[in-house]
Participant: 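Please see the structure below; I have some questions.
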Amino acid sequence: MSTASKPRVRFAPSPTGYLHVGGARTAIFNWLFARHEGGIFILRIEDTDVERNRPELVDGILDSLRWLGIDWDEGPIFQSQRLEMYRAAAEKLLANGFAYLCYCAPEKYAGGDHAEVEEVEEGEEVEEKKSLLKKQRCGCRNLDAAGRAAAEKQAASQGFQPAVRFRVPEAGTTAFDDAVFGRREVQNAEIEDFVLLRSPKPGQTARLPTYHLACVVDDMEMRITHVIRGADHLSNTPKQALIYGGLGAAPPIFAHVPLILGPDKTRMSKRHGATSVGSYSEEGFLPEAFRNFLTLLGWSPGDDAQFLRTAELLERFSLAGVSRTNAIFDRPKLEWFNTQYLQKLPVEELAPYVAAELKRAKIWREEWAGAARAWFLRTIDLIRLRTRLLPDFSAAARGFFSDDFSYDPAAMEKFWKDAKLPALMAKLAESYAALAEWNHDACDKVLRDLAASEGVKAGLLINATRVAILGQAVAPPLFDSMLAIGKERVVARLRQALPAISAKTTS
RNA sequence: GGCGCUAUGGUGCAACGGUUAGCACAUCACCCUUUCAAGGUGGAAAUGCGGGUUCGAUUCCCGCUAGCGCUACCA
């Protein structure tokens with residue numbers, strides 16, 4: 001395979017916030033595509049808007065990408081450090097007539113009120129103005145020598161530097177190819193003379209590029225072959241196709257991927273709950289599960305397969321499977337994916353996540369990584385069927401790892417009500433203390449024998465014991481749990497619970 | 001307002017002219033059961049509307065409607 005044919009793609013977030021789930025999905029698609037095709041994945045930071053840009057957020061975005069398991073081959077490359085390239089490109093467009101200097105004040109067009117823009121079009125056919133709401137065609141576009149000199153003089157006297165606008169053809173159409181949406185063609189009359197280089201703000205000297213210019217110049221320079229990005233860019237792509245043409249380059253293949261919406265079908269926002277990747281990692285989702293879920297939003301392997309681990313995703317991903325319809329972020333489905341991973345991952349793979357969670361909860365013990373590793377893995381395996389998120393290991397299952405746990409009020413209420421319990425549990429504790437062999441069947445027999453001789457149902461003791469040794473109404477099967485916790489601690493906890501049980505039954 | 005994109009159960013995807021319209025999540029019922037889960041079985045639930053094209057439309061075309069996107073010297 002020649003290196004020239006290697007696909008090159010990029011993910012280009014703007015550091016104006018954390019990594020959004022939509023951005024994450026776009027990053028995943030780019031990454032999967034690059035890895036599937038044996039191509040190159042580049043990370044680029046689009047920080048050309050000095051007012052919105054927050055450099056300190058870059059690390060957070062990078063962390064989120066790493067958490068997702070995404071690695072990049074080149075970058076991060078910062079646009080703010082390549083301003084000269086954009087300026088040179090604008091210069092070239094100016095020189096070959098594809099752009100012109102605009103001396104208008106930025107406020108003139110801010111807000112996009114087309115009505116006031118129309119008066120700039122004096123000299124053109126009046127009837128055409130009424131029929132079609134024309135896109136911005138600045139008067140500066142057709143300045144004659146005298147007018148230009150005057151504008152320049154005026155600007156100079158005010159210390160104002162003009163912006164550079166693209167000279168969009170009056171007639172004709174502009175087309176481009178999209179791997180998802182097919183060939184697109186739009187009327188040039190519908191495209192405004194968009195800005196390429198902004199006029200410097202007071203106090204600035206650098207002439208910063210707008211998104212369109214920087215994006216195209218970078219994609220050209222980076223030899224990007226496939227631009228995979230959100231469908232919100234679909235309508236703006238003709239502008240970029242125009243820039244490629246002006247710069248004498250062939251545009252890449254575009255692949256616009258559908259957006260991810262909130263449950264009410266509107267753009268995802270904080271109203272819908274967490275929108276940042278970081279918050280899902282903090283909540284305790286497994287990155288692979290989260291990624292699996294996101295990948296299936298707007299993409300399908302073509303069949304009904306859903307549980308797709310990294311290797312399968314890499315093997316099966318293709319742009320052909322990308323959908324054209326927006327998808328809704330369905331939290332319950334995400335949770336289902338997480339429980340699937342929690343239950344099906346090889347326990348050795350899950351262990352590091354559990355260890356991290358226990359460390360976070362400050363109940364981690366180093367021996368679990370060493371001498372007691374086998375016990376640790378067995379215990380995780382015992383617990384995981386009842387977990388949904390990582391913190392469950394340190395919360396509901398806390399009693400497996402620490403003596404510092406409390407009795408859940410609802411559990412006490414439910415299983416410590418029977419008046420016979422204080423006497424029964426005292427006997428049970430001593431029976432266990434006297435038990436020589438600590439194994440599942442022996443523990444089972446002791447309890448059932450006691451229940452039989454006392455004339456109560458085994459369930460009464462089982463349920464009460466569960467609360468006594470773990471503090472929870474919900475836990476793995478009792479005798480398995482007792483084995484994991486150990487005889488000493490079970491007996492101790494049983495004895496320790498006696499006062500609380502008495503208090504509960506008599507209250 | 002203009003331009004564009006999209007349209008299969010509540011949700012995510014299959015079916016790319018011929019299927020009793022499939023799978024999964026969620027939901028309901030039952031089974032299993034020492035709790036709670038998991039698991040198993042079964043149920044309810046969809047081709048937005050209207051025209052075409054065709055022997056035959058979920059699938060192709062047109063209109064409508066709805067949703068979304070773009071319409072910034074933001075990306």
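Note that the structure is a prediction, hence the values are computed from the model and not measured. Numbered from 1 within each chain, the chains take letters A, B, ... in sequence-line order.
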Participant: Using the C1' atom as the reference point in each nucleotide, state the distance between B:A21 and B:C61 in Å, no decimals.
Facilitator: 23 Å
Participant: Which whole number of Å gives the distance between the C1' atom of B:A29 and that of B:U34?
Facilitator: 24 Å
Participant: Do you know which two heavy atoms are closest between A:Arg316 and A:Ala305, and how far apart they sit?
Facilitator: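 Nearest heavy atoms, A:Arg316 then A:Ala305: NH1-CB, 3.7 Å.
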Participant: So, is A:Arg52 close to the B:A75 phosphate, meaning a side-chain N or O under 4.0 Å from OP1 or OP2?
Facilitator: no
Participant: Under 4.0 Å between a side-chain N/O of A:Ser300 and OP1 or OP2 of B:A14, yes or no?
Facilitator: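 Looking at the OP1 and OP2 atoms of B:A14, one of them is under 4.0 Å from a side-chain N or O of A:Ser300.
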Participant: Got a minute to check which stems RNA chain B is part of, using Watson-Crick or G-U wobble pairs under 3.5 Å, three or more consecutive?
Facilitator: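 Looking at RNA chain B, the stems formed by three or more consecutive pairs are B:1-7 with B:65-71, B:10-13 with B:22-25, B:27-31 with B:39-43, B:48-52 with B:60-64.
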Participant: Which part of the nucleic acid does A:Gly302 contact within heavy-atom distance under 4.0 Å: base, sugar-phosphate only, or nothing?
Facilitator: sugar-phosphate
Participant: So, does A:Arg466 get its side chain near the phosphate of B:U34, meaning an N or O under 4.0 Å from OP1 or OP2?
Facilitator: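 No.
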Participant: Please state whether the phosphate of B:C13, meaning OP1 or OP2, lies under 4.0 angstrom from any side-chain nitrogen or oxygen of A:Arg324.
Facilitator: no
Participant: Quick one, give me the B/S/- string for nucleotides 37-46 of chain B, reading 5' to 3', where B means a protein heavy atom under 4.0 Å from the base and S means that only happens at the primed atoms, P, OP1 or OP2.
Facilitator: BSS-------
Participant: Consider only side-chain N and O atoms of A:Asp218 and A:Gln79, and report whether a donor and an acceptor are under 3.5 Å apart.
Facilitator: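 On atom types as modelled, these side chains qualify, holding a pair under 3.5 Å.
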Participant: Looking only at atom C1', what distance separates B:A75 and B:G39, rounded to whole Å?
Facilitator: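 These two C1' atoms come out 48 Å apart once rounded.
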Participant: Do you know the tightest heavy-atom contact between A:Thr237 and A:Arg229?
Facilitator: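 Of all heavy-atom pairs spanning A:Thr237 and A:Arg229, the closest is OG1-NH1, 3.3 Å.
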Participant: Has the side chain of A:Asp330 got a donor or acceptor atom sitting under 3.5 Å from an opposite partner on the base of B:G12?
Facilitator: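 No such pair is found, so the answer is no.
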Participant: Does A:Ser199 make a side-chain donor-acceptor contact with the base of B:C73, cut-off 3.5 Å?
Facilitator: yes
Participant: Looking at every strand, decide which applies to A:Asn236 at a 4.0 Å heavy-atom threshold: base, sugar-phosphate, or nothing.
Facilitator: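 Base contact.
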Participant: Quickly work out the A:Ile462 CD1 to B:C36 C1' distance and round it to whole Å.
Facilitator: 14 Å
Participant: In whole angstrom, give me the gap between the P atoms of B:A7 and B:U58.
Facilitator: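 Looking at atom P only, B:A7 and B:U58 are 15 Å apart.
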